[in-house]
Number of protein chains: 2
Amino acid sequence: MNYTYHMVTIDFANEAAAICDTLTEAQDALSRELLDRIAGKWPLWVLNVLAENGGPLRFSRLHERVDGISQKVLTQTLRHLERDGLLTRTLYPQVPPRVEYELTPLGRDFLLQVMPLWRWVAEHIQTFENARRQFDQAR
Amino acid sequence: MNYTYHMVTIDFANEAAAICDTLTEAQDALSRELLDRIAGKWPLWVLNVLAENGGPLRFSRLHERVDGISQKVLTQTLRHLERDGLLTRTLYPQVPPRVEYELTPLGRDFLLQVMPLWRWVAEHIQTFENARRQFDQAR
DNA sequence: CAGGATCCGGTCCGATACTG
DNA sequence: CAGTATCGGACCGGATCCTG
């Protein structure tokens, strides 16, 4: 029992140390920005819509499906995700112009990696709500 | 080949839809805040130090090991993590006062869930750097 | 020792107006 | 249609000073 506890603890230490050691300071900052993509309100939502759709989507269709986002923030979000290589932006020079966004393989991989964590948090949401309620009442 | 692609796509849709459907709007916001804990600069670092240590740590020891954090932000970070039930705060009413912070089982679980994603991002950091470089040069 | 109070500069966001 | 440009307000982290 105690043994198991210590094993888990030591695993953490090794794992975290191993990850930190392989990264330069710049890379560490970059990895934090990438993790930030899943915390922000919109990026994960946008990626999900594209994944659900299963193919390219125009700006306006995206704007419809990501409810509540302003067009400015949607543009920013798409630029960030494009810069990180998670989706592609294709401009068709027509009048009126047409622009299509599509998930890259890296973007799909990213979603695959995020899902388990998201699912875990969703499954334990009650536990977290209880913890907060208890903390807030203790004031 | 194409078949596999569609399977993966459909898996995403199902997965994401399933998660979203089970959450109220408030719970959705809460889950985003929790994911935010791993994106912020300090929370994951603090949890890691506690995990590495394997036992309770005083405020000042924590402050030493989380290099660069201000005492104000460390206090804020610890309050948030305590509120979310990821660590405990124990005050020993002495003079001078002593306060110890320790990971909860939920906190350890949380770290366990986050590690795979963190590792994946670290492993693909080069890919992301290349994507950014390419994007930035295309301007 | 641990952390509350305060001020301050940077960032993010929505709203609005305009354009190829 | 799909943006860019701009402005004002809200929020957040950092540094500094103070206290039971």
Side-chain angles (χ1 to χ4, degrees), chain A residues 25 28-30 32-46 49-50 53 56-84 87-102 135-136 138-139, chain B residues 29-30 32-46 49-50 53 56-84 87-102 135-136 138-139:
Chain A
E25 195 163 340
D28 186 57
L30 175 56
R32 221 185 308 281
E33 277 185 66
L34 289 165
L35 294 180
D36 205 34
R37 301 267 172 274
I38 82 166
K41 186 171 182 180
W42 308 114
L44 198 52
W45 194 342
V46 168
V49 167
L50 286 173
N53 183 257
L57 268 180
R58 299 188 62 163
F59 185 87
S60 19
R61 302 289 147 267
L62 222 32
H63 198 180
E64 288 166 11
R65 299 206 202 180
V66 183
D67 206 53
I69 197 172
S70 75
Q71 146 262 47
K72 172 188 171 185
V73 174
L74 177 56
T75 300
Q76 286 176 348
T77 302
L78 289 169
R79 286 294 175 284
H80 287 150
L81 294 173
E82 183 194 2
R83 188 162 112 96
D84 290 338
L87 54 78
T88 59
R89 174 183 186 273
T90 311
L91 166 66
Y92 298 90
Q94 310 172 346
V95 181
R98 193 174 100 225
V99 177
E100 289 189 342
Y101 296 91
E102 188 171 15
F135 179 89
D136 293 342
R139 306 282 112 167
Chain B
L30 175 56
R32 220 184 310 281
E33 277 185 66
L34 288 165
L35 295 180
D36 204 35
R37 300 268 173 272
I38 82 166
K41 186 171 182 181
W42 306 115
L44 199 54
W45 195 342
V46 168
V49 168
L50 286 174
N53 183 257
L57 269 181
R58 300 190 60 163
F59 186 87
S60 17
R61 302 290 148 266
L62 222 33
H63 198 180
E64 287 166 11
R65 301 206 202 180
V66 182
D67 207 53
I69 196 172
S70 74
Q71 140 264 49
K72 171 190 170 183
V73 175
L74 177 56
T75 301
Q76 285 176 348
T77 303
L78 289 169
R79 285 294 175 284
H80 287 150
L81 295 173
E82 183 194 2
R83 189 162 110 97
D84 291 338
L87 55 78
T88 58
R89 176 183 185 271
T90 311
L91 166 66
Y92 297 89
Q94 309 171 348
V95 182
R98 193 174 100 226
V99 177
E100 287 189 344
Y101 296 91
E102 188 171 15
F135 180 90
D136 292 342
R139 309 280 113 170

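Keep in mind that what you see is a predicted model, and the values were worked out from it rather than measured. We name chains A, B, ... by the order of the sequence lines, and we start the count at 1 in each one.
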Sub-3.5 Å pairs of nitrogen or oxygen atoms, protein against nucleotides 8-10 of chain C:
none

Under 4.0 angstrom, heavy atoms only, what part of the nucleic acid is B:Arg79 near: base, sugar-phosphate, or nothing? sugar-phosphate
Got B:Asn53 and B:Arg65 here, is their nearest side-chain heavy-atom distance under 4.5 Å? yes
Measure from the side-chain N and O atoms of A:His63 to the backbone N and O of A:Ile69, and report whether any donor-acceptor pair falls under 3.5 Å. yes
Taking the side chain of B:Val73 as its heavy atoms from C-beta onward, which of D:dG13, D:dA2, C:dG14 lies nearest to it? D:dG13
Taking C:dC1, C:dG3, D:dA2 as options, the one with an atom nearest any side-chain atom of A:Ser60 is D:dA2
Mind checking if B:Trp42 touches a base, just sugar-phosphate, or nothing, with heavy atoms under 4.0 Å? sugar-phosphate
Within this structure, what is the CG-to-P distance between B:Leu57 and C:dA2, rounded to whole angstrom? 11 Å
Contact string for nucleotides 15-20 of chain D, one letter per nucleotide 5' to 3', B = base within protein heavy-atom range under 4.0 Å, S = sugar-phosphate only, - = neither, reads B----B
B:Arg58 side chain N/O closer than 4.0 Å to the phosphate oxygens (OP1, OP2) of C:dA2? yes
Between B:Phe59 and B:Leu78, is there a side-chain heavy-atom distance shorter than 4.5 Å? yes
Inter-axis angle, terminal five-pair segments of the helix from C:dC1-D:dG20 to C:dG20-D:dC1 [nearest 10°]: 50°
Considering only side-chain heavy atoms of B:Gln76, which listed nucleotide, D:dA2, D:dG3, D:dG13, is closest? D:dG13
Please check the phosphate of D:dG3 (OP1 and OP2 only) for any side-chain N or O of A:Arg89 closer than 4.0 Å. yes
Indicate yes or no: at least one non-hydrogen side-chain atom of B:Leu50 is less than 4.5 angstrom from one of B:Glu102. no
Quickly work out the B:Arg98 CZ to C:dA2 P distance and round it to whole Å. 9 Å
If you apply the rule side chain to side chain contact (heavy atoms under 4.5 Å, CB included), what do you find for B:Ile38 with A:Ile38, and how did you get there? CA-CA 9 Å; B:Ile38 82 166; A:Ile38 82 166; 3.8 Å; yes
Does a side-chain N-to-carboxylate-O contact under 4.0 Å join A:Arg32 and A:Asp28? yes
Residue pair A:Leu87 / A:Tyr101: nearest heavy atoms and the distance that separates them: CD1-CD2, 4.0 Å
Under 4.0 Å, heavy atoms only, any strand: does B:Tyr101 hit a base, just the sugar-phosphate, or nothing? sugar-phosphate
